[in-house]
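Here's the structure, in structure tokens; my notes come after.
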Amino acid sequence: MRKLPEGVASGRIVETEAYVVGDAAGHAYRGMTRRNRSLFLEHGHAYVYLAYGSSYMLNVSSEMRGIGAGVLIRALEPLDGIPIMRLNRGIERLRDLARGPGRLTAALRVDRWLDGLDLCRDGPLCLGRGDEPGETGQSIRIGISRDASRLLRFYLRGSPFVSGPRSLNE
DNA sequence: AGTGCGATTGACT
DNA sequence: GTCAATCGCACTA
């Protein structure tokens, strides 16, 4: 759930990727740096960084304080504040509003200022209860070369709101 | 101080 | 399907 001056925007997380302890593809692999320090916060904190100079990525730290690991939030099924997301994205199509990690942060207007935020407490950005879990599929991660074969991407099976090629979403 | 490179996206053939 | 934009950061010297 994202709180903005115009109102609340929220949705159901339908796709994630895990970057686990000892993961060569994870940003925490070579220790703590200025950019990745939020990955080492207690589980449930936001790690936001800029990728490719234009897209923000939203992660949730997943281990105890001092251990670097996290989960990348890759796609959202928009539920509330859809007009707000449409304005933030500059497009109309519901399916594309938050399908992809960079699109998701754009739709929710998530940027570096939210880095380090506790997502389990009431605030400008927070996680809610997961009603309707649904059937989860598993695949390799997208855009990853190191540790490429690990099945650490999780998605809601059958959801039109997940990103990635069809071959990974069966 | 300089260099190389992405956990992507949107535009285009 | 292909491809370039874009910039903060980690790395080297």
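Computed from a predicted structure; not experimentally measured. Proteins get letters first, then strands, A, B, ... in listed order; numbering begins at 1 in each.
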Can you identify which nucleotide, out of [options], has its nearest atom closest to the [X] side chain?
X        : options               : result
A/Asn59  : C/dC11, C/dC9, B/dA7  : B/dA7
A/Arg103 : B/dT8, C/dA10, B/dG10 : B/dG10
A/Tyr47  : C/dA10, B/dA7, B/dT9  : B/dA7
A/Thr33  : B/dG10, C/dA10, B/dA7 : C/dA10
A/Leu72  : B/dG10, C/dC9, B/dA7  : B/dA7
A/Leu50  : C/dC11, B/dT9, C/dG8  : C/dG8

Practice task
Using the six-membered ring for Trp and the full ring for Phe, Tyr or His, decide whether A/Tyr49 stacks on the six-membered base ring of C/dG8 (centres under 5.5 Å, planes under 30°).
Solution key: no
According to a strict under-4.0 Å criterion, is [X] in side-chain N/O contact with OP1 or OP2 of [N]?
X       : N     : result
A/Arg89 : B/dT9 : no
A/Ser54 : B/dT8 : no
A/Arg74 : B/dT8 : yes
A/Arg37 : C/dC9 : no

Exercise for the section: Determine the contact category for A/Arg30: base if any of its heavy atoms lies under 4.0 Å from a base atom, sugar-phosphate if only primed atoms, P, OP1 or OP2 are that close, otherwise nothing. Expected result: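 Sugar-phosphate, backbone atoms only, no base.
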Exercise for the section: Name the nucleic acid region contacted by A/Arg112, choosing base, sugar-phosphate or nothing; use a 4.0 angstrom heavy-atom cut-off, strictly under. Expected result: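 Sugar-phosphate, backbone atoms only, no base.
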Practice task
Using Watson-Crick or G-U wobble pairs with both distances under 3.5 Å, give me DNA chain C in dot-bracket, 5' to 3', with [ ] for crossers and | for pairs to another strand.
Solution key: |||||.||||||.
Whole angstrom value for the distance that separates [atom2] of [N] from [atom1] of [X]:
X        : N      : atom1 : atom2 : answer
A/Met57  : B/dC5  : CE    : P     : 19 Å
A/Asp111 : C/dC7  : CG    : P     : 15 Å
A/Ile142 : B/dT8  : CD1   : P     : 8 Å
A/Asp147 : B/dA7  : CG    : C1'   : 13 Å
A/Asn36  : C/dC11 : CG    : P     : 9 Å
A/Tyr155 : B/dA7  : OH    : C1'   : 18 Å
A/Arg99  : B/dG10 : CZ    : P     : 10 Å
A/Arg141 : B/dT8  : CZ    : P     : 11 Å

Problem - Verify same cluster id: A/Leu72, A/Val110 (apolar side-chain graph, 4.5 Å) - result: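 Cluster IDs for A/Leu72 and A/Val110 differ.
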Problem - Worked check of side chain to side chain contact (heavy atoms under 4.5 Å, CB included) between A/Arg153 and A/Glu15 - result: CA-CA 7 Å; A/Arg153 172 175 174 267; A/Glu15 182 185 352; 2.8 Å; yes
Exercise for the section: Grab the two heavy atoms, one from A/Ile142 and one from A/Ser163, that are nearest each other, plus how far apart they are. Expected result: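 Residues A/Ile142 and A/Ser163, closest heavy atoms: CD1-OG, 4.3 Å.
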Exercise for the section: Check the pair A/Leu94 / A/Arg86 against side chain to side chain contact (heavy atoms under 4.5 Å, CB included), numbers first and verdict last. Expected result: CA-CA 8 Å; A/Leu94 180 68; A/Arg86 286 202 163 108; 3.9 Å; yes
Practice task
Flag this pair as yes if the NZ/CZ of A/Arg35 is under 6.0 angstrom from the six-membered ring centre of A/Tyr47 and inside a 45 degree cone about the axis; otherwise no.
Solution key: no
Handout entry: side chain to side chain donor-acceptor pair (under 3.5 Å) between A/Arg74 and A/Thr16, worked out
Key = CA-CA 5 Å; A/Arg74 286 194 56 94; A/Thr16 63; over 6 Å; no
Handout entry: First encountered from the 5' end of DNA chain B, between A/Gly102 and A/Gly53
Key = A/Gly53
Handout entry: Inter-residue atom distance A/Met85.CE - A/Arg103.CZ, 0.5 Å rounding
Key =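 Between atom CE of A/Met85 and atom CZ of A/Arg103 there are 14.5 Å.
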Exercise for the section: Indicate yes or no: at least one non-hydrogen side-chain atom of A/Leu108 is less than 4.5 angstrom from one of A/Asn88. Expected result: no
